[in-house]
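What follows is a short report on a single structure.
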Amino acid sequence: MPMLDIQDLTVSYGPLEAVRNISFSVEAGSIAALIGSNGAGKSTTLKSIIGLVPAARGRILLDDQDITRQGSATRVHAGIALSPEGRRLFGRMSVQENLMVGAHGVKSSQVIGRTLDEIYSLFPRVKERRRQLAGSLSGGEQQMVAIGRALMANPRLLMLDEPSLGIAPKIVAEIAGAIERINQDKQITIILVEQNARLALRLSNQAYALEHGEIIRSGKGAELLADPVIQKAYLGV
Ligand code: ATP
């Protein structure tokens, strides 16, 4: 049984079907990548998994439980977290205060303290800057805080929306390394949405290419990297 099973999911914004009848699954412990160009429906898929936009049709199963109609707070409690596109930090709050926002559903202060330590060991430069205003950080550092904030909820399934967007290549490599460690050391299942298809395919076990709200290709990351259609459309080959 996969951890997450999406069955014939359709998500509409008024007359627009941003996601149309997609099905895919994510195995526990894996990294799944969703690639595709602007407006393909990647963010909408993540938002619908965490309950920020309703499903018009289809089902979302987490550990075989139907969560399609659950509110997002319930889904976060069940172990799903989202680091949204554009980071959405509170610029006039400190880095640590931003991280604490992600922990608001966690009751045990012991657990919160331990998770904070783990995030600081994952991102030492976030630790160094923990008292600084989040708005004063570089884009890459803010991205690390956004990932950290999602981790503060102690998710089993972490969804990352465009973690490499607008970030210097050297920092992208740092963030990619952190994504691998979150997956391997913390055993957290990851869904990675990226326009940087090469990065996403390299990191992922299973990958899905979305176009106009539909899945047009799926396979192992390495398979899609070698696929001429994918190479032409997303890899600039
Ligand atoms: P991007 O990387 O640009 O975010 P994406 O693949 O994540 O692309 P979505 O953000 O899911 O794509 O958008 C899919 C489609 O839905 C687009 O046509 C977009 O304009 C539309 N859309 C997204 N959000 C809304 C909204 N709140 N209301 C109306 N249409 C929307």
Side-chain angles (χ1 to χ4, degrees), residues 4-26 31-60 67-69 71-72 75-76 80-89 139-140 142-144 146-147 149-150 155 157-169 171-172 175-176 179 189-204 206-219 221 224-225 227 229-236:
L4 184 76
D5 197 12
I6 309 289
Q7 301 175 346
D8 301 317
L9 178 69
T10 295
V11 183
S12 311
Y13 299 110
L16 172 76
E17 289 189 339
V19 166
R20 199 174 316 133
N21 214 32
I22 65 168
S23 298
F24 68 95
S25 59
V26 180
I31 300 181
L34 290 182
I35 61 168
S37 36
N38 257 322
K42 307 181 299 296
S43 299
T44 299
T45 302
L46 298 190
K47 285 180 191 158
S48 114
I49 292 170
I50 202 164
L52 293 174
V53 295
R57 292 191 295 282
R59 299 206 305 163
I60 302 168
I67 61 166
T68 320
R69 308 277 161 237
S72 59
R75 299 192 208 191
V76 171
I80 304 177
L82 170 66
S83 175
E85 182 175 1
R87 310 186 279 267
R88 308 288 179 91
L89 301 181
Q142 290 191 20
Q143 185 59 59
M144 294 173 192
I147 295 171
R149 179 183 54 191
L157 174 63
L158 174 66
M159 304 194 294
L160 303 173
D161 197 347
E162 305 271 9
S164 82
L165 194 67
I167 289 168
I171 311 293
V172 170
I175 289 173
I179 292 170
T189 307
I190 292 175
I191 302 180
L192 178 59
V193 156
E194 266 297 337
Q195 280 191 48
N196 183 340
R198 197 177 301 277
L199 175 76
L201 295 178
R202 196 164 54 70
L203 289 175
S204 66
Q206 191 70 17
Y208 302 91
L210 275 177
E211 214 167 86
H212 304 300
E214 296 182 276
I215 294 177
I216 56 140
R217 276 284 199 286
S218 66
L224 294 205
L225 276 172
D227 182 325
V229 172
I230 298 293
Q231 289 182 343
K232 188 155 184 289
Y234 309 111
L235 300 172

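Read the numbers this way: they start at 1 and go in the same order the structure lists the ligands and their atoms.
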Indicate yes or no: at least one non-hydrogen side-chain atom of [X] is less than 4.5 angstrom from one of [Y].
X      : Y      : result
Ile191 : Leu4   : yes
Ile190 : Leu203 : no
Tyr208 : Ile22  : no

Hey, is Gly36 one of the residues with a heavy atom under 4.0 angstrom from ligand 1? no
Just to check, does Ser37 reach to within less than 4.0 Å of ligand 1 when the distance is taken from its heavy atoms?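 It does, in that a heavy atom of Ser37 comes within the 4.0 Å cut-off of ligand 1.
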Among all protein non-hydrogen atoms, which one is nearest to atom 21 (C) of ligand 1, and what is the separation to 0.1 Å? Leu16 CD2, 3.6 Å
Quick one: nearest non-hydrogen protein atom to atom 4 (O) of ligand 1, plus distance?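 Going atom by atom, the protein heavy atom closest to atom 4 (O) of ligand 1 ends up being Glu85 OE1, 3.0 Å.
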Taking all heavy atoms of Thr10 and all of Asn21, pick out the closest pair and write down the distance.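 Taking every non-hydrogen atom into account, OG1-N, 3.0 Å.
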Nearest heavy-atom approach of Ile167 to Gln143 is CD1-CB, 3.6 Å
Residues Glu17 and Arg57 bridged, charged N to O under 4.0 Å: yes
Do any N/O atoms on Lys47 end up under 3.5 angstrom from N/O atoms on ligand 1?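 For ligand 1, there is no N or O atom that lies under 3.5 Å from one belonging to Lys47.
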Within-cut-off N or O pair, Thr45 and ligand 1, under 3.5 Å: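 So ligand 1 has no N or O lying under 3.5 Å from an N or O of Thr45.
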Look at atom 28 (N) of ligand 1 and say whether a protein heavy atom is found at less than 4.0 angstrom from it. yes
Is atom 14 (C) of ligand 1 in close reach of the protein, with a heavy atom under 4.0 Å away?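 So far as the 4.0 Å threshold goes, atom 14 (C) of ligand 1 is in reach of a protein heavy atom.
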Could you go step by step and tell me if Asp8 and Ser23 meet the side-chain hydrogen bond (donor to acceptor under 3.5 Å, both in side chains) rule? CA-CA 5 Å; Asp8 301 317; Ser23 298; 3.3 Å; yes
Considering Glu17, Lys42, Glu194, which one's heavy-atom position lies nearest to atom 6 (O) of ligand 1? Lys42
Show which atoms of ligand 1 fall inside a sub-4.0 Å distance from at least one heavy-atom site of Ala18. 14 (C), 15 (C), 16 (O)
